[in-house]
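Values below: every heavy atom of this structure, side chains too, minus hydrogens, waters and symmetry copies. Order of appearance sets the numbers: ligands from 1, and atoms from 1 within every ligand.
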Amino acid sequence: MNLKIYENYESLSHGAANQIIEVVRQKPCAVLCLAAGDTPRLAYTLMVNMAKTEGIDFANCTFIGLDEWLGISPVNEGSCHHFLRRHIFEPLSISNDKIHLFDALTEDPQGECRKMDKTIIENKGIDLMLVGIGMNGHIGFNEPAGSFQAYSHVVELDETSRTVGQKYFREQTTLTSGITLGLGHMLEARQVILVANGSKKADIIRRTIEEDVTPLLPASLIRNHVDAYVILDKEAGSLLTPR
Ligand code: GLP
């Protein structure tokens, strides 16, 4: 696992954007799984700007959704769907046939999971997965005590995710379950980047990097990945033991 600690959120975001661009430069038909959330937002803005100024074409990339709040409409501003459209797909003019996101309004969530797993296999796996980390150490919606081997599945959200998740919504919203790629997908992705910023993430980052690799802390599994990067700002890395 490679650890990079940047001076601040802006430089971290530049670093993450550069790394995504590099993957697409080397493989214009890359399969990308890019998390929604506050952490990568600036990285995506910078990525879109670089794509335009440097002529990097994302049109042949395939986009796989990481996770979604089950039961929340894609037009709801708090949905991952809405976030990805606004910050990535619309500015890069990605065509719908290249976008595979979980349908959070489906009446058959298990079928939706099987469909996503099949899509990933048909596209020959994920080249780059960029993830954030939840305050409880979750990746996507792989909550503590889930399975390291899981593929797409439906999850009962834990109390932390339900509470913290309110920050994405304008109004108080009932969040009970999620649909997510599994940690098996993360392990099988060719490259994984985990981004975290701010002092509020410092303790969970310390535990992720310095404590045991355990399903109780899903993000810790990134340490078993052969090509993984943990990209932090100084604040998120502030509780790590100096090397
Ligand atoms: C959310 C999502 C994750 C996201 C993580 C961190 O609840 N399920 O996909 O990466 O938690 O979010 P943020 O970047 O807003 O801190």
> Can you list the ligand 1 atoms lying under 4.0 Å from a non-hydrogen atom of G37?
Replying inline: 14 (O), 15 (O)

> What is the nearest protein non-hydrogen atom to atom 13 (P) of ligand 1, stated with its residue, atom name and distance?
Replying inline: Y168 OH, 3.3 Å

>> Check this for me: does any side-chain nitrogen of one of K167 and D38 sit under 4.0 Å from a carboxylate oxygen of the other?
In response: yes

>> What's the separation between atom NE2 in H81 and atom CZ in F102, rounded to the nearest 0.5 Å?
In response: 12.0 Å

> Which ligand 1 atoms, with their elements, are less than 4.0 angstrom from a heavy-atom of L66?
Replying inline: 9 (O)

> Just wondering, do L66 and V131 contact through their side chains at under 4.5 Å, heavy atoms?
Replying inline: yes

> For atom 11 (O) of ligand 1, which protein heavy atom lies nearest, and how many Å away is it?
Replying inline: H138 NE2, 3.0 Å

>> Among all protein heavy atoms in this structure, tell me which lies nearest to atom 3 (C) of ligand 1, with the distance rounded to 0.1 Å.
In response: D67 OD2, 3.5 Å

>> If the contact criterion is a heavy-atom separation under 4.0 Å, does K201 count as touching ligand 1?
In response: yes

> Can H153 and T180 be counted as having a side-chain donor-acceptor contact under 3.5 angstrom?
Replying inline: no

> Which heavy-atom pair separates L175 from Q166 by the least distance, and what is that distance?
Replying inline: CD1-NE2, 3.8 Å

> Which residue owns the protein heavy atom closest to atom 14 (O) of ligand 1, what's the atom, and how far is it?
Replying inline: T39 OG1, 2.5 Å

> Which residue, N2, L128, I222, forms the side chain to side chain contact (heavy atoms under 4.5 Å, CB included) with I193?
Replying inline: L128

>> Just checking H185 against Y151, ring centres under 6.0 Å apart?
In response: yes

>> So, 4.0 Å and heavy atoms of A36: is ligand 1 close enough to count as a contact?
In response: yes

>> Between ligand 1 and G140, is the shortest N or O to N or O distance under 3.5 Å?
In response: yes

>> Within the 4.0 Å heavy-atom shell around K167, which atoms of ligand 1 are there?
In response: 13 (P), 15 (O), 16 (O)

> Going by heavy atoms, is I133 under 4.0 Å from ligand 1?
Replying inline: yes

>> If I apply the N/O under 3.5 Å rule, does W69 come out as touching ligand 1?
In response: no

>> Closer than 4.0 angstrom, basic N to acidic O: yes or no for E210 and R206?
In response: no

